[in-house]
Number of protein chains: 2
Amino acid sequence: MKGKKDDRRVIYTKMVLRESLIKLLEKKNISQIYVKEICEIADINRGTFYAHYNDQFDLLNKIQDDLFENIKMHLSAYTNDDIHTPPVDMVEKIFEYIKENSKLCKLLLSDGGDLKFQKRVLTLVYEKSINEITKNSSISKEDAEYIHAFQLTGCLGIIQKWLDDDMKKSPYFIAETIIKLTTGLTELIRH
Amino acid sequence: MKGKKDDRRVIYTKMVLRESLIKLLEKKNISQIYVKEICEIADINRGTFYAHYNDQFDLLNKIQDDLFENIKMHLSAYTNDDIHTPPVDMVEKIFEYIKENSKLCKLLLSDGGDLKFQKRVLTLVYEKSINEITKNSSISKEDAEYIHAFQLTGCLGIIQKWLDDDMKKSPYFIAETIIKLTTGLTELIRH
DNA sequence: ATATGATTGTTGATTATTAAACACAATGTC
DNA sequence: GACATTGTGTTTAATAATCAACAATCATAT
């Protein structure tokens, strides 16, 4: 799948460059950020930056790809895990992950965030859960699609509010709430 | 005075190795700490450690030397600065420095700390202030020595208490207190 | 328009760090 | 005491990051 693993130097370089860009993104737009700035804050030679990334946008994309992949991993763990693990615990893990990366998530998922990225994440969740619900129920695919349009934007709303509130509520509470609301919805349609 | 300046890599390596050792020193004695541990926490190749230091003790010595040099710098700034700067502000700077390096200072200056190092610092302060006081007063050198024996251990006591209290009082407050107590002392002898 | 200054993207030579391996010493376990 | 395990100190070739320089591009103000 990939070449050799990065050694410590590469891992460190990428990490500080990412942190540096995230820090800058809290203050200004990506197109107002210079490569030079990123390197100064990261304390990394500019030449080294270009050895890994083409420009600011490339770096941001890589960061987004990573976040996306991680969310994907958490989601697949949720749907594929054995039946004996309560669903709440699995969803909780996703929110713990979001909390750990709150700075970045706030930037990308908030109102002023990256719309393309949000759509990308939502589509991922969408495909996962459409299958889940239509699989073992009498609900038509058409109905399910509307339910999920509602569910997805609803979840995003909850996440945004949670981040805005500086994650005062525990990840478990949010997970529980979301599980209740989403499972409740399908119950409503069934009857 | 010295050769070429270290580049970014060297600076980073030394920094993380120092932080790593300090972290370990909070849990155990220097002679119970392995070089291997230090490198693992710092995420630095063991070979790189040996490129800069001989062993744990050498690293600790270098850390102490640095702290010593910095305290020295702050002290000399205090005694050599122009007369218009209030002494309290100068002493405050020293305590701000201690606060910034509280972890390390706590380790080295506390009751269980390194006695040799404490003595070294005290001697430094001693020489500075003996001159200061005998210079423009009628106090004999013999008297001054006793006053300072008192002053120095007294100051160390205050610093230790301050560190034990997790530096709740501001650096300025401590500076003010120490100035009051030490200048007060010489007044007492004069009369 | 033109001049001034700052950022860019790339380069070449140099240096620091890396992973991996090694024989050896220290440590703990049965 | 013999045993396996773990840390030590050093070496190797490979590679990543460094600094410094460069012409080219962009920004801003005059």
Side-chain angles (χ1 to χ4, degrees), chain A residues 1-66 69 104 107 114, chain B residues 1-66 69 104 107 114:
Chain A
M1 178 167 175
K2 51 166 170 278
K4 292 164 199 165
K5 263 190 279 181
D6 289 338
D7 71 19
R8 296 196 231 239
R9 290 170 292 188
V10 180
I11 291 170
Y12 172 74
T13 298
K14 287 181 175 173
M15 188 195 69
V16 282
L17 285 175
R18 275 157 200 242
E19 284 176 355
S20 173
L21 179 55
I22 291 173
K23 194 179 282 176
L24 284 166
L25 278 171
E26 285 167 9
K27 284 181 274 181
K28 39 184 162 174
N29 189 282
I30 179 69
S31 44
Q32 296 168 321
I33 294 172
Y34 297 129
V35 171
K36 198 191 171 209
E37 282 181 288
I38 300 173
C39 296
E40 275 170 356
I41 292 178
D43 201 26
I44 291 292
N45 190 282
R46 210 154 43 80
T48 308
F49 178 97
Y50 288 109
H52 296 291
Y53 309 105
N54 298 321
D55 48 35
Q56 322 100 286
F57 307 101
D58 186 33
L59 172 56
L60 180 54
N61 280 332
K62 297 272 169 65
I63 294 175
Q64 289 186 353
D65 287 350
D66 257 31
E69 279 306 314
L104 181 58
L107 283 171
D114 188 325
Chain B
M1 177 167 177
K2 48 164 169 280
K4 292 165 200 167
K5 262 190 278 182
D6 290 337
D7 71 20
R8 296 194 232 237
R9 291 170 293 187
V10 179
I11 292 169
Y12 172 73
T13 298
K14 287 181 176 174
M15 189 195 68
V16 283
L17 284 175
R18 275 156 200 242
E19 285 176 355
S20 174
L21 178 56
I22 291 173
K23 193 180 284 177
L24 283 166
L25 278 171
E26 285 167 8
K27 283 180 276 181
K28 38 184 164 173
N29 190 281
I30 179 69
S31 42
Q32 296 167 322
I33 294 172
Y34 296 129
V35 171
K36 200 193 169 205
E37 283 181 287
I38 301 173
C39 296
E40 275 170 357
I41 292 177
D43 199 26
I44 291 291
N45 189 283
R46 211 154 44 81
T48 307
F49 178 96
Y50 289 109
H52 297 291
Y53 309 105
N54 298 321
D55 48 35
Q56 322 100 288
F57 308 100
D58 186 33
L59 173 55
L60 181 55
N61 280 331
K62 298 272 169 64
I63 294 175
Q64 288 186 353
D65 287 350
D66 257 29
E69 279 307 315
L104 181 58
L107 283 171
D114 187 325

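For clarity, every value in this text was computed on a predicted model and none was experimentally measured. All chains are named by letter (A, B, ...) in the order of the sequence lines, taking the proteins before the strands, and each is independently numbered beginning at 1. Side chains included, hydrogens not; waters and symmetry mates left out as well; all remaining heavy atoms used.
Checking the phosphate oxygens (OP1, OP2) of dA16(D), no side-chain nitrogen or oxygen of Thr13(A) falls inside 4.0 Å. Here His52(B) reaches the OP1 or OP2 of dT17(C): one of its side-chain N or O atoms lies under 4.0 Å away.
At a threshold of 4.0 Å, the pair Glu37(B)-Lys28(B) counts as salt-bridged, since one of the basic side-chain nitrogens sits closer than that to a carboxylate oxygen.
Both Val10(B) and Asp55(A) sit near DNA chain C, but only Asp55(A) has its closest nucleotide nearer the 5' end. In this structure, Gln56(A) and Arg9(A) both approach DNA chain C, and ranking their closest nucleotides by distance from the 5' end singles out Gln56(A).
Near DNA chain C, defined here as any heavy-atom distance below 4.0 Å, the residues from residues 28-50 of chain A are Tyr34(A), Val35(A), Lys36(A), Arg46(A), Tyr50(A), listed numerically.
Listed nucleotides: dT18(D), dA16(D), dT18(C). Nearest to the side chain of Arg8(B): dT18(D).
The distance from the NZ atom of Lys62(A) to the NZ atom of Lys14(A) is 7.5 Å, given to the nearest 0.5 Å.
Rounded to whole angstrom, the span from the NZ atom of Lys14(A) across to the C1' atom of dA17(D) amounts to 14 Å. The interatomic distance linking Ile11(A) (CD1) with dA19(C) (C1') rounds to 12 Å, in whole Å.
Scanning for side-chain hydrogen bond (donor to acceptor under 3.5 Å, both in side chains) contacts around Asn61(A) gives an empty result, with sequence neighbours left out.
Distance alone, capped at 3.5 Å, places no donor-acceptor pair between the Thr48(B) side chain and the Ile44(B) backbone. For the pair Ser20(A) (side chain) and Ile41(A) (backbone), a donor-acceptor distance under 3.5 Å is absent. At least one donor-acceptor pair under 3.5 Å links the side chain of Gln56(B) to the backbone N or O of Ile33(B).
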